[in-house]
Amino acid sequence: MKQSYYPQEIEKKWMKFWDENKVFKTENNSDKPKYYALSMFPYPSGKLHMGHVRNYTITDVIARFKKANGFNVLHPIGWDSFGLPAENAAMKHNADPEKWTDENIAYMTQQLKMLGLSYDWDREVTTCKPDYYKWTQWIFLQLYKKGLVYKKEAAVNWCPDCGTVLANEQVIDGKCWRCDSEVEKKYLSQWFVKITEYADELLKDLDLLKGWGDNVKTMQANWIGKSHGAIFRFPVVDAPNGEKMEVPVYTTRPDTVHGITYLVVAPEYKDIEKLTTPENKEAVEQYRANARKMSEIERLSTDRTKTGVPLGTHCKNPFTGEIFPLWTADYALVEYGTGAVMAVPTHDTRDFDFAKKYNLPMKVVIQNPQNPSNCENEAYTDEGVLLNSNEFNGMKNTEAKKAITQKAVDEGFGEFKTQYRLRDWLISRQRYWGAPIPVVYCDKCGIQPVPEDRLPVLLPKDVDFSVVGKSPITTSPTFKDTVCPICGGHATREMDTMDTFICSSWYYLRYADANNDKECFNKDIVNKWLPVDQYVGGIEHAILHLLYSRFFTKALRDCGLLDFDEPFSNLLTQGMVLKDGSKMSKSKGNTVDPDEIFENYGADTARLFILSDSPPARDFDWSDAGVEGCYKFLNRVWRLVASNAENISHAVIANPQGVAIHTTEKANDDLIRTVHMSIKGITNDITNEFQFNTVISKYRELVNAIYDWQAKKGELNQEDKNVLSFAIVSMLKLMSPVAVYLTEEAWHELGGEGSIHEQPWCVWDENLAKSSSITLVVQINGKVKDKIEVDSEISKDEMEKEALNSEKVKALIEGKTVVKTIVVPGKLVNIVIK
RNA sequence: GCUCCAGUGGCGGAAUCGGUAGACGCGUUGGACUUAAAAUCCAAUUGGGCGUAUAACCCAGUGCCAGUUCAAGUCUGGCCUGGAGCACCA
């Protein structure tokens, strides 16, 4: 065995061997229990970055650990390969985005293999390939049949730089999630997925997700935004055309209904023109035009002073008979509730600001206990007792909410209402590089889905990528015109493609049955593998991908395609990889190229380091010195093995757990105990919280212990060799999920059969992991005063006796009264004195 | 403004149930080996009393202030700071 560590050589050798022999192939049929370990699949942007390295290493270690522990492990990988970067690159070079994508996939595949990830490459899934997007389109049609997909004209988010619309989830602070441009409002007819139909279940089932962090769950709960309230309908008393009209409002504060002094509708409110008097028409029109021009950012800014104009008409409050004016103001949102708000300036801060500015009247209806009936300077929005509210006076407002809504129900002008903040998911994209929406528009028959046997609707190849300002797909001379599947007459194809988040909402299902060309996946196989036992990925998908995938699972369940409710039982959101305290990014110039690390130190060093310094969920600060340290450690491990190669017992390698080792020396006992403690500690750290940083510190402790043991020994006798063999072989197995190459090479050099990665996990013996002596801690009034080595089997009485016998304790309790002593078996004695 | 998470040496971070605070590593300092360097190995490294050697001892200490307890990094209440998410959602 070579005495020096040569990672570049051994890693290439084993990478090739594993790849050619499909060592990590997973069969669907097995007697073993299943375990599905999954990383969020990458976008093939060109090269791996350190975030990928971290993500995939974490999942890989979990997959390998589970496999060694007797599970049939599914650990797949694929490519989220539709999307704008490929199309932008294509437009820049007037080339096919498919070529760019394929090249990137080829390069990154090599990198993933180099990193030593135990993927079953036969299940690779690529969302931009027709054999995948055919099924994306098929699923779209199933949702369409179920009424979960529909087309409507709506105000949508438009990103001018990406030249496409965006879903609500993809607008961050009024800006595009991808390019950071300010999003504009546009009125377009677009395809929507009815995710709101599942709002309640998506919220409720968060409780089932015990293996998800609270941060992600609350983010989703907030995004869904369930609230309880009431709808009230206010009759219009002076509609200009004499029509009988009503304005419905949604409110969470029905208890304040007697305090309404005006009513606001959104500028886009559908009946606004009918509610405007001729005298006010001009001002209202101008206000609406202004609102339309404004960007989302301007409009949503909360510190902007509120503006609005009166419509000239009035409503009647059915509770009081009071007449109050109608206004339009852009602080009312057309998409939420009914698009109209009942304004109670005394008990709502927004209404208060507005009323102050326009000198609208105020009426106090909830008593502020600190400052009775005074709402001059600010709105009182807390709990209280009602006043000025007729028969409800004196009632607590929490009760009044119900009672007042009930009255509206009984008298027919309102009802109880649950409202969600979640909006339907806009999935149309005016772009080329995505799955075409499988729909045609017939001149006679209208919107028609493409029949399933004509899928996939292929992306046209005869397009011009050099166009500006429109989707390249529209330049195809062959794509647009087609025939209607119903009447056979002329029809045109839908030119929009689907949001790529549709493609990524079901890929984890496809892995279970990736090569099925008859169906999107076999139901039994999917039911067998899913849900995913451990999902690992970035927190940036807390809402987007994770909410969409949860919705898809539920919708596909209701289409009869699978039998479970949630796709991911456990979720680990790993932290970011930082350098010098900030996120690695090309613009900051603080990136580290994984290839360089592989080349200079090897993939094992990269794997070890990325797991070593921080727990997976926390941010990880990359440091060159840290890499160096990990590389030195692997060298140290290698030297330990190599220098002892001829001392290793073949019997122990063949059966590390089975060889009973008789020891006659304390040093040997101690080392065996350290090994058992390491097995226990490492196993628990991985099982409990995936605490790989402490796993690695335990590797180091074990290696240090073996070196220390060796330093005490001269010539080794047979007993010593057996002990050493047990320690080294156990160490290699324990390290094998992380240092995949080094341990494999060492295993072979020592004469091990097959692959170390096929060997079962180590087991520990609780008795051997225990020490024969313990350190008894003696405290006085809770402060440590002495430590005594005692036998581990010592009784409580003896512990107390030992403690009181300590010279230090004797001196300290001299002349004081011992009030009581607390004895914690096996740990400490606390003497309370006065 | 609302919601969630976090706060421990110079740094990353350890610390099952409340029971020895600072494991393991990085860095730093000193030393050994070497003609020299690299590599490797050994030792020290929370602060203060403390200033010279040796050996020891004492005090304080996990963002702040209280509380519960024999005992609090850990539990409770109230703050402070940082991060993340949401936000004119009626």
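For the numbers below, each heavy atom of this structure counts, side chains included, while hydrogens, waters and symmetry mates do not. Sequence lines set the chain letters: A, B, ... in the order given, protein chains first and strands last, and positions in each chain run from 1.
- In this structure, of rG25(B), rG85(B), rU20(B), it is rG85(B) that holds the atom nearest to the side chain of M219(A).
- Counting non-hydrogen atoms of other residues, nucleotides and ligands closer than 6.0 Å to NZ of K810(A) gives a total above 12.
- Using a 4.0 Å heavy-atom criterion, one finds that N704(A) contacts the sugar-phosphate atoms exclusively.
- As rounded to whole Å, 12 Å separates atom C1' of rA14(B) from atom CG of D613(A).
- Note on Y336(A): a side-chain N or O is less than 4.0 Å away from OP1 or OP2 of rA90(B).
- With rA90(B), rG25(B), rG85(B) as the choices, the nucleotide that has an atom nearest any side-chain atom of I543(A) turns out to be rG85(B).
- Look at CG on N684(A): it is 12 Å from P on rA15(B), rounded to the nearest Å.
- Rounded to whole Å, the separation between the P atoms of rG78(B) and rC2(B) comes to 14 Å.
- When rounded to the nearest whole Å, the span between CH2 of W622(A) and P of rG27(B) equals 15 Å.
- At the heavy-atom level, K632(A) lies under 4.0 Å from the strands shown only through sugar-phosphate atoms.
- The salt bridge (Lys or Arg N to Asp or Glu O under 4.0 Å) analysis of residues 695-709 of chain A, with sequence neighbours excluded, yields the pairs D685(A)-K698(A).
- Counting distance only, with no hydrogens placed and no angle test, the side-chain atoms of K820(A) and the base atoms of rC70(B) include no donor-acceptor pair under 3.5 Å.
- rG9(B) has its base syn relative to the sugar, with a glycosidic angle deviating from 0 by at most 90°.
- The pair E268(A)-R292(A) does not count as a salt bridge, with every side-chain nitrogen at least 4.0 angstrom from each carboxylate oxygen.
- Rounding to whole angstrom units, CD of residue Q779(A) and P of rU69(B) are separated by 17 Å.
- One can place OH of Y631(A) at 13 Å from C1' of rA38(B), the figure rounded to the nearest angstrom.
- Per the geometry, CD belonging to E335(A) stands 12 Å off C1' belonging to rC88(B), to the nearest Å.
- rC17(B): glycosidic angle within 90° of 0, hence syn.
- Between D670(A) and R673(A) there is a salt bridge, with a side-chain nitrogen of the basic residue lying less than 4.0 Å from a carboxylate oxygen of the acidic one.
- Within the 4.0 angstrom heavy-atom criterion, only backbone atoms of the sugar-phosphate kind lie near S227(A); the bases stay farther away.
- The side chain of E701(A) lies closest to rA23(B), out of rC17(B), rA90(B), rA23(B).
- Of the inter-residue distances, the one linking Y250(A) atom OH with K417(A) atom NZ reads 8.0 Å to the nearest 0.5 angstrom.
- With rA90(B), rC86(B), rC88(B) as the candidates, the nucleotide lying closest to the side chain of D348(A) is rA90(B).
- Listed nucleotides: rU3(B), rC26(B), rG19(B). Nearest to the side chain of A625(A): rC26(B).
- Residue contacts for K808(A): at a heavy-atom cut-off of 4.0 Å it reaches the sugar-phosphate backbone alone, with no base atom in range.
- Here the side chain of N830(A) is nearest to one of rC4(B), rC70(B), rG13(B), namely rC70(B).
- Among the heavy atoms of the strands lying under 4.0 Å from V832(A) are primed sugar atoms or P, OP1, OP2 only; no base atom is included.
- In this structure, V784(A) reaches the sugar-phosphate backbone alone: every heavy-atom distance under 4.0 Å involves primed, P, OP1 or OP2 atoms, never a base.
- Side-chain atoms of Q691(A) lie closest to rA14(B) of the nucleotides rG19(B), rA90(B), rA14(B).
- Taking atom CD of residue E628(A) and atom P of nucleotide rU28(B), one finds them 12 Å apart after rounding to whole Å.
- Annotation: rA21(B) and rC79(B) have their C1' atoms spaced 25 Å apart (nearest Å).
- When the nearest nucleotides of RNA chain B are assigned to K680(A) and K787(A) by heavy-atom distance, the more 5′-ward of the two goes with K680(A).
- For rC86(B), the base has no donor-acceptor partner in the side chain of N222(A) [N/O atoms by modelled type, under 3.5 angstrom].
- Taking atom C1' on both rA43(B) and rG51(B), the two are 23 Å apart, rounded to the nearest angstrom.
- The gap from the C1' atom of rG19(B) to that of rU74(B) amounts to 11 Å, rounded to the nearest Å.
- Taking atom C1' on both rG22(B) and rG9(B), the two are 7 Å apart, rounded to the nearest angstrom.
- E540(A) and W177(A) share no side-chain donor-acceptor pair at under 3.5 Å.
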Paired and unpaired positions of RNA chain B as dot-bracket, Watson-Crick or G-U wobble under 3.5 Å, | denoting a partner strand: (((((((..(((......[....)))((((((.......))))))((((.......))))..(((((..]....))))))))))))....

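- Mapped onto RNA chain B by nearest heavy atom, S614(A) and S623(A) fall at different nucleotides, with S614(A) at the one closer to the 5' end.
- Closest approach to the D330(A) side chain among rA14(B), rC88(B), rC41(B) is made by rC88(B) (side chain taken as heavy atoms from C-beta onward).
- Closest to the side chain of Y250(A), out of rU3(B), rA90(B), rC86(B), is rA90(B).
- With respect to the salt-bridge test (charged N to carboxylate O, under 4.0 angstrom), the residues R233(A) and E415(A) qualify.
- Residue R421(A) is in base contact, counting any heavy-atom pair closer than 4.0 Å across all strands shown.
- Rounded to the nearest 0.5 angstrom, S792(A) OG and L776(A) CG are separated by 12.0 Å.
- For the pair Y631(A)/P7(A), a side-chain contact is recorded, criterion being any heavy-atom separation below 4.5 Å from C-beta on.
- For rG27(B) and rG18(B), the C1' atoms lie 34 Å apart once the distance is rounded to whole Å.
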Candidate pair Y699(A) and F633(A), rule ring pair (Phe, Tyr, Trp, His ring centres under 6.0 Å), full reasoning: CA-CA 10 Å; Y699(A) 291 163; F633(A) 173 66; 7.3 Å; no

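- Using a 4.0 Å cut-off, some side-chain N or O of R636(A) falls inside it from OP1 or OP2 of rC41(B).
- On the P atoms, rU45(B) is 10 Å away from rA23(B), given to the nearest whole Å.
- Nucleotides rU34(B) and rA56(B), compared at atom P, are 32 Å apart to the nearest Å.
- Going from atom NE2 of H541(A) over to atom P of rG85(B) covers 14 Å, rounded to whole Å.
- Atom OG in S730(A) sits 7.5 Å away from atom NE2 in H676(A) (nearest 0.5 Å).
- The side chain of I172(A) has rC86(B) as its nearest neighbour among rA14(B), rC59(B), rC86(B).
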